[in-house]
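Below: one structure, written as structure tokens.
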Amino acid sequence: MARSKIALIGAGQIGGTLAHLAGLKELGDVVLFDIVDGVPQGKALDIAESAPVDGFDAAYSGASDYAGIAGADVVIVTAGVPRKPGMSRDDLIGINLKVMEAVGNGIKQHAPDAFVICITNPLDAMVWALQKFSGLPTNKVVGMAGVLDSARFRHFLADEFKVSVEDVTAFVLGGHGDDMVPLVRYSTVAGVPLTDLVKLGWTTQEKLDAMVERTRKGGGEIVNLLKTGSAFYAPAASAIAMAESYLRDKRRVLPCAAYLNGEYGVDGMYVGVPIVIGANGVERILEVTFNDDEKAMFEKSVGAVKGLIEACKGINPALA
Ligand SMILES: NC(=O)C1=CN([C@@H]2O[C@H](COP(=O)(O)OP(=O)(O)OC[C@H]3O[C@@H](n4cnc5c(N)ncnc54)[C@H](O)[C@@H]3O)[C@@H](O)[C@H]2O)C=CC1
Ligand SMILES: O=C([O-])CC(=O)C(=O)O
């Protein structure tokens with residue numbers, strides 16, 4: 001069977017890490033695309049030269065022309081700019097919306113059958129715009145955020161409980177901003193909800209609240225430490241999990257920004273919810289039930305995403 005083709009639009013910090021991980025996991029051949037000539041070619045060659053050491057087979061190339069992504073099975077988009085300390089993700093909207101238009105047109109022309117994973121911020125609005133610009137079906141265009149936000153929460157929990165990260169599950173839903181919704185009731189250690197673990201004395205409500213808050217601000221914590229950009233190892237690992245579920249038809253249940261058509265009472269927008277990713281893209285949306293507090297948090301988060309979409313329509317009336 002021929003190898004799958006993975007196109008990475010944006011060959012910066014996340015793009016380079018994605019390229020390396022895709023090789024290590026032997027997901028397919030990789031083409032890195034960037035507007036800065038030399039960078040995708042240089043990273044492609046560097047990673048290809050690591051393959052004999054690590055023992056993986058994958059062809060790597062770099063491109064500055066969209067023809068290079070022709071026929072890609074998966075496209076992962078990180079093109080654009082990251083934030084710096086003092087900025088919010090929303091401050092990136094003007095510049096990154098223009099980038100989404102160029103990328104969407106490139107995908108429409110050269111890789112219309114691909115499964116597309118958007119990472120560029122502000123995530124929920126950018127994936128919405130990318131789907132519009134590309135014209136691809138909504139089940140083939142998703143955004144990466146929930147896997148990352150949930151992984152951060154899982155890391156904090158495993159650290160607090162001194163247990164393996166493998167035994168900690170978490171669901172962080174809603175938009176990828178400070179109003180995201182870490183669902184304590186649906187997060188567990190080996191199936192036991194966190195709410196029960198507080199009762200069992202494994203942690204205190206105060207510590208749990210602090211971990212929830214740290215998760216919400218997790219991106220900003222890294223931005224303030226790095227000072228020149230934002231997180232890239234965990235974001236890349238998260239998108240690779242989504243790509244792998246599609247390419248290997250694993251049907252994993254992952255929290256992702258998905259197009260909602262009435263589910264969760266939301267219509268025509270992308271918001272983070274648990275979805276099944278298989279060979280057909282988004283195969284199912286899992287609608288969990290909320291209690292009153294969770295519902296209020298989710299609606300607040302959806303309201304923030306709605307505001308960003310309205311802002312996109314204001315900047316580019318073609319999206320209205
Ligand atoms: N959804 C999420 O959970 C996360 C999202 N992000 C976002 O991902 C994006 C990328 O982050 P990094 O890789 O760290 O940034 P980076 O600056 O290292 O890489 C971005 C790359 O995009 C390229 N680029 C810019 N305009 C382009 C265009 N029109 N076409 C093709 N390439 C273009 C740049 O030349 C650069 O190489 C940022 O917007 C960041 O905020 C970052 C972390 C997590
Ligand atoms: O915080 C940022 O700007 C990058 C991001 O989305 C994250 O790491 O969650």
Side-chain angles (χ1 to χ4, degrees), residues 88-93 96-97 118-132 138-139 141-154 156-157 169-188 193-195 198 205 208-220 238 253-277 282 284-315 319-320:
S88 90
R89 295 179 181 94
D90 302 354
D91 295 335
L92 307 170
I93 196 166
N96 284 351
L97 184 63
C118 180
I119 301 185
T120 303
N121 273 320
L123 189 272
D124 307 271
M126 292 303 101
V127 64
W128 172 84
L130 185 65
Q131 189 277 327
K132 291 244 182 251
T138 51
N139 67 309
V141 182
V142 294
M144 188 293 293
V147 177
L148 170 66
D149 299 326
S150 303
R152 286 183 173 140
F153 195 28
R154 290 170 66 194
F156 301 144
L157 291 165
T169 65
F171 265 152
V172 180
L173 307 186
H176 185 54
D178 292 348
D179 295 323
M180 68 178 75
V181 187
L183 285 178
V184 167
R185 250 175 5 113
Y186 286 107
S187 302
T188 76
L194 299 183
T195 35
V198 172
Q205 189 60 49
L208 185 54
D209 291 344
M211 287 186 278
V212 164
E213 203 43 32
R214 192 174 174 198
T215 300
R216 286 203 176 106
K217 305 270 167 63
S238 303
V253 182
L254 299 169
C256 305
Y259 187 86
L260 298 180
N261 227 332
E263 299 90 351
Y264 289 90
V266 177
D267 212 14
M269 277 170 54
Y270 276 83
V271 182
V273 295
I275 60 172
V276 177
I277 299 181
V282 180
R284 202 165 186 177
I285 291 173
L286 173 59
E287 263 188 282
V288 299
T289 49
F290 291 148
N291 64 26
D292 289 348
D293 285 350
E294 291 158 351
K295 192 160 184 280
M297 283 192 286
F298 187 79
E299 278 172 2
K300 185 171 181 218
S301 186
V302 169
V305 176
K306 209 173 265 176
L308 287 172
I309 288 177
E310 288 311 315
C312 287
K313 290 178 182 170
I315 296 167
L319 289 166

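This chain uses plain numbering: 1 for the first residue, then up along the sequence. Worth knowing before you read on, the calculation uses all heavy atoms, side chains too, and leaves out hydrogens, waters and symmetry mates.
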Value for CD (Q205) from OG1 (T195), rounded to nearest 0.5 Å, stands at 9.0 Å
I want to check something: taking the side chain as every heavy atom from C-beta on, are D178 and K217 in contact at a cut-off of under 4.5 Å?
yes
T120 vs V127, side chain to side chain contact (heavy atoms under 4.5 Å, CB included): CA-CA, chis, key distance, verdict
CA-CA 8 Å; T120 303; V127 64; over 6 Å; no
May I ask you to test the M269-I309 pair for a side-chain heavy-atom distance under 4.5 Å?
yes
Can we say E310 and K306 salt-bridge, meaning some charged N sits less than 4.0 Å from an Asp/Glu carboxylate O?
no
What do the steps show when you test L97 against L319 for side chain to side chain contact (heavy atoms under 4.5 Å, CB included), and what is the final call?
CA-CA 11 Å; L97 184 63; L319 289 166; 3.9 Å; yes
Decide yes or no for T215 and F156: does some side-chain heavy atom of the first lie under 4.5 Å from some side-chain heavy atom of the second?
yes
For the residue pair L286 and V276, establish whether any side-chain heavy-atom pair is separated by less than 4.5 Å.
no
Looking at every heavy atom in both W128 and G268, which two are closest together, and how far apart are they?
NE1-O, 3.5 Å
Given side chains that start at C-beta, do those of T289 and Y186 come closer than 4.5 Å, heavy atoms only?
yes
N261/D267 under side chain to side chain contact (heavy atoms under 4.5 Å, CB included): CA gap, chis, key distance, verdict
CA-CA 5 Å; N261 227 332; D267 212 14; 3.5 Å; yes
Parallel, tilted or perpendicular, judged at 30° and 60°: which one describes the rings of Y264 and F298?
tilted
Euclidean distance, D91 CG relative to N121 CG, rounded to 0.5 Å:
11.0 Å
Taking D124 for its side chain and H176 for its backbone only, find out whether a donor-acceptor pair lies under 3.5 Å.
yes
Kindly compute the distance separating CG (L260) from OG1 (T138), expressed to the nearest 0.5 Å.
10.0 Å
Answer yes or no: is there a donor N or O on one side and an acceptor on the other, between the side chain of E213 and the main chain of M211, under 3.5 Å?
no
About how many Å separate CG of L130 and CD1 of I119, when rounded to the nearest 0.5 Å?
11.5 Å
Step by step, would you call L123 with C118 a side chain to side chain contact (heavy atoms under 4.5 Å, CB included)?
CA-CA 7 Å; L123 189 272; C118 180; 4.3 Å; yes
Would the distance check show the side chain of S301 and the main-chain N or O of G175 forming a donor-acceptor pair, the cut-off being under 3.5 Å?
yes
Within 6.0 angstrom of R185 CZ, more than 12 heavy atoms from elsewhere:
yes
With a 6.0 Å cut-off (strictly less than), is the heavy-atom count around NZ of K300, excluding the residue itself, greater than 12?
no
Taking atom NZ of K132 and atom NZ of K313, what is their separation to the nearest 0.5 Å?
7.0 Å
Heavy-atom side-chain contact between P274 and L173 under 4.5 Å
yes
Please confirm whether the backbone N or O of M180 pairs with a side-chain atom of R216, one donor and one acceptor, at under 3.5 Å?
yes
With a 4.5 Å cut-off on side-chain heavy atoms, are R154 and S187 touching?
no
Less than 4.5 Å apart, side chain to side chain, heavy atoms only: is that true for V198 and L194?
no
Locate the shortest heavy-atom distance separating A257 from Y270; write the atom from each residue and the value.
O-CD2, 3.6 Å
Ignoring hydrogens and geometry, is there a side-chain-to-backbone donor-acceptor pair from E294 to N291 under 3.5 Å?
yes
